[in-house]
Amino acid sequence: MSLPQHLAAGELLTALHGTGEILTALRGATCPSSAIRLYSILRIRLRPSDPSYCVGRGAVFALKPLSAASSLPLLSHFHAHLLKSNLLAYPHVASSLLRSYSLLSPAIAHHLFDQMPPATCNMFVVNVMLRSLCSSDLTSARLFFDGIPDKDVVSWSTMLACYFSKGRLGVADGLAFFREMTFTSQVAADYVTLVTVLTGCASAGLLQPFCRSIHGYVVRRRVPASSHLGASLIDCYAKVGHLDYASRVFARVASRNVMHWTAMICGMAMHLHYDEAIQLFEKMCWRGLGPNEMIFTAVLSACGRAGLVEQGRVFFQLMVEKYGLEPSIHHYACMVDIFAKAGQLEDAYDVIKTMKVEPNLVIWTSLLAACKRFKNFDIAVEGIEKVLAMEISDENSGLYTLISDLYAMGERWGDVIKVRRLMEEHNLRKNRGLRRARDLTVPTIS
DNA sequence: ATAGGGTTAG
């Protein structure tokens, strides 16, 4: 149910009748003030005959917009209320509060957990705590994990995701952990676990047998196919270099949705099969499936790499006009790249000047590289200034060379020297950082 | 019937 946000509390009170109605409204609330208002109305409206967990449910729903507002004072105020009305005894309220705190202040979350009575501390609470530790410190997360007596599928998946996302555990070790879970501990993996493992394998770009063994698990254990799992399998096979297996999985998906098509189209483009990617995209549209933003980034980047300027222009127009999708920075980056690569520098610059979001480093770099290649200093001028005003990280330090080359092309020798100086300062900072890091490591003596 | 884990992109 959608609720007019401008209603005053009094009007709301007359507009909403049952507690069920208020709960539904509260669930959909996005701004903290309306959530608090709805929550107070819920408390007024609640009759003694209503089950007590109703307030608890309300508190859980109110906590979401509250933590999204990321205001610690607001959250601790609500916390005080929960304490006073004795609602923290409900595990679902406690776990929600813990989750909210873990996003704002891990230290408070930790403290809250330590103070919790054992009766409140169920698996939900424990797993929220684990998740919180995972996002701050891997070692203490693992210690905590080892101390959980009856680890369930969520505990294992959380730990697994932590290992993969931090890149602290190689894929081989990650899979050993997966085996420890499913084989040694006999905890069945569900589709979230499998998506986690597949994403981990895919991002590590590791060997194909890993992906196969997970695929094997899916088939053997008859894990219910979800669109996420299917798409992850396609994505993983494509990323580890087996487009043929990806296609086979894609062909066998019973009810294909946009996610499967996206994964397959991205896979095709990844393997430089641009024409096939575009054909697949057209086939999907022809079948009446509505494309999403992600597919368009894949298709547009395929156009850029294949040098299909007009095709790219048409697809961009299609995205905006026919499908009503708002172009993101990725789409603009693709368009700039399409024009820039083809040497149509004016068109590329035009995209930058008319786009509705602030151009980022990727976009400027794409234009500047083309300016150098096609020898056009005039179009580069604004970009150079913008880039120099941005934070340039070590991996982008090649930009200084690019800019210095562009200045040389424009015969702006004073600026060439200035950029060289900037580059030296940057390198100096970098080296000093490295030296300090090196001092910290203990030398091993054999 | 309320709460916890994953989500694709040059």
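On a predicted model such as this, the values are computed, not experimentally measured, just so you know.
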Can you find a side-chain donor-acceptor pair between T193(A) and D190(A) that sits under 3.5 Å? yes
Show me the pairs that pass salt bridge (charged side-chain N to carboxylate O under 4.0 Å, His left out) and involve [range], at least two apart or across chains.
{"range": "residues 344-366 of chain A", "answer": "none"}
{"range": "residues 138-153 of chain A", "answer": "R142(A)-D146(A)"}
{"range": "residues 287-311 of chain A", "answer": "E310(A)-R313(A)"}

Of the nucleotides [options], which one has an atom closest to the side chain of [X]?
{"X": "H92(A)", "options": "dA3(B), dG5(B), dA9(B)", "result": "dA3(B)"}
{"X": "T158(A)", "options": "dA3(B), dG10(B), dG5(B)", "result": "dG5(B)"}
{"X": "R27(A)", "options": "dG5(B), dT2(B), dT8(B)", "result": "dT2(B)"}
{"X": "T196(A)", "options": "dA9(B), dT2(B), dG6(B)", "result": "dG6(B)"}
{"X": "C266(A)", "options": "dT7(B), dA9(B), dG6(B)", "result": "dA9(B)"}
{"X": "T193(A)", "options": "dT2(B), dG5(B), dG6(B)", "result": "dG5(B)"}
{"X": "R305(A)", "options": "dG10(B), dA9(B), dT2(B)", "result": "dG10(B)"}
{"X": "H228(A)", "options": "dG10(B), dA9(B), dT7(B)", "result": "dT7(B)"}
{"X": "T297(A)", "options": "dT7(B), dA9(B), dT2(B)", "result": "dA9(B)"}

Whole-Å gap separating [atom2] ([N]) and [atom1] ([X]):
{"X": "M270(A)", "N": "dT8(B)", "atom1": "CE", "atom2": "C1'", "value": "9 Å"}
{"X": "F61(A)", "N": "dA1(B)", "atom1": "CZ", "atom2": "P", "value": "13 Å"}
{"X": "L23(A)", "N": "dA3(B)", "atom1": "CG", "atom2": "P", "value": "11 Å"}
{"X": "H271(A)", "N": "dG10(B)", "atom1": "NE2", "atom2": "P", "value": "12 Å"}
{"X": "F164(A)", "N": "dT8(B)", "atom1": "CZ", "atom2": "P", "value": "15 Å"}
{"X": "F296(A)", "N": "dG10(B)", "atom1": "CZ", "atom2": "C1'", "value": "18 Å"}
{"X": "L98(A)", "N": "dT2(B)", "atom1": "CG", "atom2": "P", "value": "21 Å"}
{"X": "N257(A)", "N": "dT7(B)", "atom1": "CG", "atom2": "P", "value": "18 Å"}

Applying side-chain contact (heavy atoms from CB on, under 4.5 Å), name anything that partners V362(A), two or more places apart in sequence or on another chain. N360(A)
Scan [X] against the nucleic acid and name what it touches under 4.0 Å (heavy atoms): base, sugar-phosphate only, or nothing.
{"X": "S155(A)", "result": "nothing"}
{"X": "V362(A)", "result": "nothing"}
{"X": "S95(A)", "result": "base"}

With the threshold set at under 4.0 Å for non-hydrogen atoms, list the residues of residues 115-125 of chain A touching DNA chain B in residue-number order. N122(A), M123(A), F124(A)
Are the aromatic rings of Y101(A) and H79(A) close, with centres under 6.0 Å apart? yes
Return no unless some side-chain N or O of K64(A) is found under 4.0 Å from OP1 or OP2 of dT2(B). no
Examine the base of dG5(B) for any acceptor or donor lying under 3.5 Å from a partner atom in the side chain of S157(A), and report the outcome as yes or no. yes
Quick one: side chain to side chain donor-acceptor pair (under 3.5 Å) partners of H215(A), sequence neighbours excluded? Y237(A)
Check whether Y217(A) forms a cation-pi arrangement with R220(A) (NZ or CZ under 6.0 Å from the six-membered ring centre, at most 45° off the ring normal). no
